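On a predicted model such as this, the values are computed, not experimentally measured, just so you know.
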Amino acid sequence: MKYFVTIFIVLAVLAAGALFYAWSGVYNIAATEPHWAMTASFIEMLRNRSIKVHSKGILAPDLDEPKLKQTAFPHYHDMCRFCHGAPGYKSDDFSWGLYPVPPKMTSGYIQREFSEAEIYWIVKHGIKMTGMPAFGNTHTERQLWGLVALAEEMPLMSAEQYGKMVKTMNSGEKDHGHDNGESSDHDQTREEHR
């Protein structure tokens, strides 16, 4: 019995210490102040394991289908490129102020680090406290997989190839709409969160 009381007291003291530390405001929450190496390693492990576990069982469609990329291209160019860049396009300055800084799609890091299913899961669900939003409520499955297909191709794509896709998109005057102009599930979800 004495053993359990000792464990309880130690846990209570640790919890009280953690609460006091948080309440004191000593921890610098600024995006300009990087995490301690130990904290960053733990968060990276937590992120990678969570993505791996939650994306299990997701099967990718044929990502080589050309129209899949065409469907997603306006979405990538109008949204994702500002943080992740694109061939011939640097990411916007604001993305360098995010912590962690969003990985560049042209570097190949994301494609080496994560499988297609894992990239899909990230695009659909986002990642908490990173600036990576969840697009599952605003985009169709086809658009989400198209974004995965584009992500897979980005490190191999030249600025000229990307520029041609931008011209094609602009000449078609396609709207970056999320559906056929009808009210989307996203609108309903947004209302529910207000």
Side-chain angles (χ1 to χ4, degrees), residues 1-61 63 76 79-80 82-85 91-141 143-145 147-148 151-152 154-155 184-194:
M1 183 68 172
K2 207 175 195 181
Y3 175 74
F4 291 112
V5 170
T6 303
I7 289 176
F8 177 77
I9 290 171
V10 168
L11 291 175
V13 168
L14 288 173
L19 284 172
F20 178 74
Y21 178 72
W23 179 84
S24 73
V26 171
Y27 181 78
N28 188 350
I29 199 78
T32 53
E33 183 71 25
H35 289 299
W36 299 325
M38 181 177 69
T39 306
S41 293
F42 179 78
I43 291 170
E44 187 175 333
M45 178 195 62
L46 175 71
R47 178 200 66 202
N48 291 349
R49 289 300 305 149
S50 177
I51 292 167
K52 187 168 284 308
V53 167
H54 287 93
S55 65
K56 264 191 179 145
I58 295 175
L59 300 174
L63 297 182
Y76 185 89
M79 297 181 321
C80 310
F82 296 108
C83 285
H84 295 289
S91 53
D92 277 7
D93 289 346
F94 77 86
S95 71
W96 290 96
L98 294 172
Y99 184 75
V101 173
K104 305 303 166 230
M105 279 300 148
T106 55
S107 73
Y109 166 79
I110 289 292
Q111 298 83 348
R112 286 188 307 274
E113 188 77 13
F114 299 104
S115 70
E116 292 169 348
E118 291 167 344
I119 295 172
Y120 165 83
W121 188 90
I122 292 167
V123 172
K124 183 171 185 172
H125 298 285
I127 301 177
K128 291 177 182 176
M129 299 178 74
T130 65
M132 176 62 198
F135 291 112
N137 289 332
T138 57
H139 291 73
T140 66
E141 287 294 304
Q143 291 165 340
L144 295 173
W145 281 112
L147 289 169
V148 173
E152 289 291 327
M154 285 284 166
S184 68
D185 292 339
H186 169 62
D187 296 330
Q188 182 179 351
T189 303
R190 184 185 288 172
E191 288 302 316
E192 290 169 0
H193 288 310
R194 285 189 182 175

Indicate the ring-plane relationship of W36 and Y27, choosing parallel, tilted or perpendicular according to the 30° and 60° boundaries.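 Taking Y27 first and then W36, their aromatic rings stand perpendicular (interplane angle over 60°).
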
Classify the angle between the aromatic ring planes of F135 and H139 as parallel (below 30°), tilted (30 to 60°) or perpendicular (above 60°).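 Rings of F135 and H139: perpendicular, as their planes differ by over 60°.
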
Residue pair [X] / [Y], side-chain heavy-atom distance below 4.5 Å:
X    : Y    : answer
K104 : H84  : no
L63  : P61  : yes
P155 : Y109 : no

Quick one: does [X]'s side chain have a donor or acceptor within less than 3.5 Å of a partner on [Y]'s backbone?
X    : Y    : answer
Y21  : A16  : no
Q111 : M105 : yes
E33  : A30  : no
T130 : I127 : yes

Tell me if the [atom1] atom of [X] is crowded by more than 12 foreign heavy atoms within 6.0 Å.
X   : atom1 : answer
L14 : CG    : yes
M45 : CE    : yes
F42 : CZ    : no

Specify the closest pair of heavy atoms between [X] and [Y], including all atoms of both residues, with the distance to one decimal.
X    : Y    : result
A117 : S55  : O-CB, 3.8 Å
V148 : E116 : CG1-O, 3.8 Å
C83  : P102 : O-CB, 3.7 Å
S95  : V101 : O-CG1, 4.1 Å
H35  : Y99  : N-OH, 2.9 Å

Mind checking side-chain hydrogen bond (donor to acceptor under 3.5 Å, both in side chains) for E141 and listing every partner two or more places apart, or none if nothing turns up? Y120, K124

Suppose we screen for side-chain hydrogen bond (donor to acceptor under 3.5 Å, both in side chains). Which residues come up paired with T106, at least two apart in sequence or across chains?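 So T106 forms no side-chain hydrogen bond (donor to acceptor under 3.5 Å, both in side chains) with any residue.
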
Partner set under ring-ring contact (aromatic ring centres under 6.0 Å, His included) for W121, not counting sequence neighbours: H54, H125

